[in-house]
Amino acid sequence: MTPASRDHELAASLGQVRDRIDRACADAARDPSELTLIAVTKLFPAADVARLLALGVRDIAENRDQEAGAKSAELAELLASDVLAELTVHFVGQVQTNKARSVVRYADVVQSVDRPKLVGALDRAVGAALDAGERTTYLDVTIQLDLEEGERAGRGGVAPSEASELADLVADSTHLALRGVMAVAPPDLGTAGTRAAFDRVSEIGRAIANVHPAAGWRSMGMSGDFEQAIRAGATHLRVGGAILGSRPPPR
Ligand SMILES: *Cc1c(COP(=O)(O)O)cnc(C)c1O
């Protein structure tokens with residue numbers, strides 16, 4: 001595909017996603033400006049991130065450290081520093097504690113905090129990155145909830161019953177800013193079941209925000225289910241395929 005036709009393709013798919021968001025917001029009597037649309041750019045090149053920035057996207061998400069680190073370095077070459085400064089990079093994949101130091105070099109937000117050991121590792125890593133002049137801000141984090149309670153291993157997330165304790169731990173850290181909760185809906189629940197799952201995320205999120213008022217983010221909803229997430233009170237949507245097309249296989 002030529003670069004120009006990729007520009008058109010992304011403009012069209014982004015327009016369709018924004019229309020879907022507007023319609024869902026109208027149905028739910030919500031204001032679209034309350035929502036942050038995060039383009040999940042995993043497995044797509046830095047050039048697509050630059051295209052999305054030109055189309056007004058300001059938030060992207062990645063889920064693998066190695067890929068995300070390389071892409072950030074490419075973006076620093078590709079974009080002027082004032083343009084790059086407008087980009088917010090969210091990390092949404094599982095973080096091994098030995099990768100924390102790497103992730104905090106480029107991530108503004110880690111959405112996938114799911115265990116006490118990771119809170120400690122990220123806190124120390126941000127401290128080291130601040131000392132080294134590699135970042136100038138604390139790290140925003142959300143608690144990832146495991147709505148399947150461990151039924152499918154390897155996807156990450158803390159059991160809902162342990163979420164508030166983990167949130168307190170983040171709030172007590174030195175260099176992390178607790179922002180809220182994140183979740184992926186279990187597959188194959190149907191519209192009503194997915195909506196119920198997202199309502200549960202909102203409920204847990206509200207309980208945490210009651211204690212930590214800055215933690216009002218509810219990051220939920222992907223390409224196939226973000227309408228239900230909007231109805232259930234999402235603040236951040238993580239949309240990959242509906243914007244970028246079907247993903248190439250992982251390398
Ligand atoms: C890949 C991914 C998404 C985006 O999924 P799509 O179905 O492509 O929209 C959202 N959240 C997380 C955590 C992901 O890994």
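Only this structure's heavy atoms are used, side chains among them; waters, hydrogens and symmetry mates stay out. When a ligand or atom number is given, it counts from 1 through the structure's own listing order.
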Above 12 or not: heavy atoms from other molecules or residues under 6.0 Å from CG of D19?
-> yes
Flag yes if more than 12 heavy atoms outside E165 fall under 6.0 Å of its CD atom; otherwise flag no.
-> no
Euclidean distance, Q144 CD relative to M182 CE, rounded to 0.5 Å = 4.0 Å
Going by atom types alone, do Y138 and D123 pair a side-chain donor with an acceptor below 3.5 Å?
-> no
Just checking, is any N or O donor in the side chain of Q111 or S219 under 3.5 Å from an acceptor N or O on the other one?
-> yes
Proximal protein residues to ligand 1, non-hydrogen atoms under 4.0 angstrom = V40, K42, V92, M222, S223, R238, V239, G240, G241, R247
With sequence neighbours excluded, give me every side-chain hydrogen bond (donor to acceptor under 3.5 Å, both in side chains) pair touching residues 35-48.
-> R6-D48, T41-E62, D48-R51
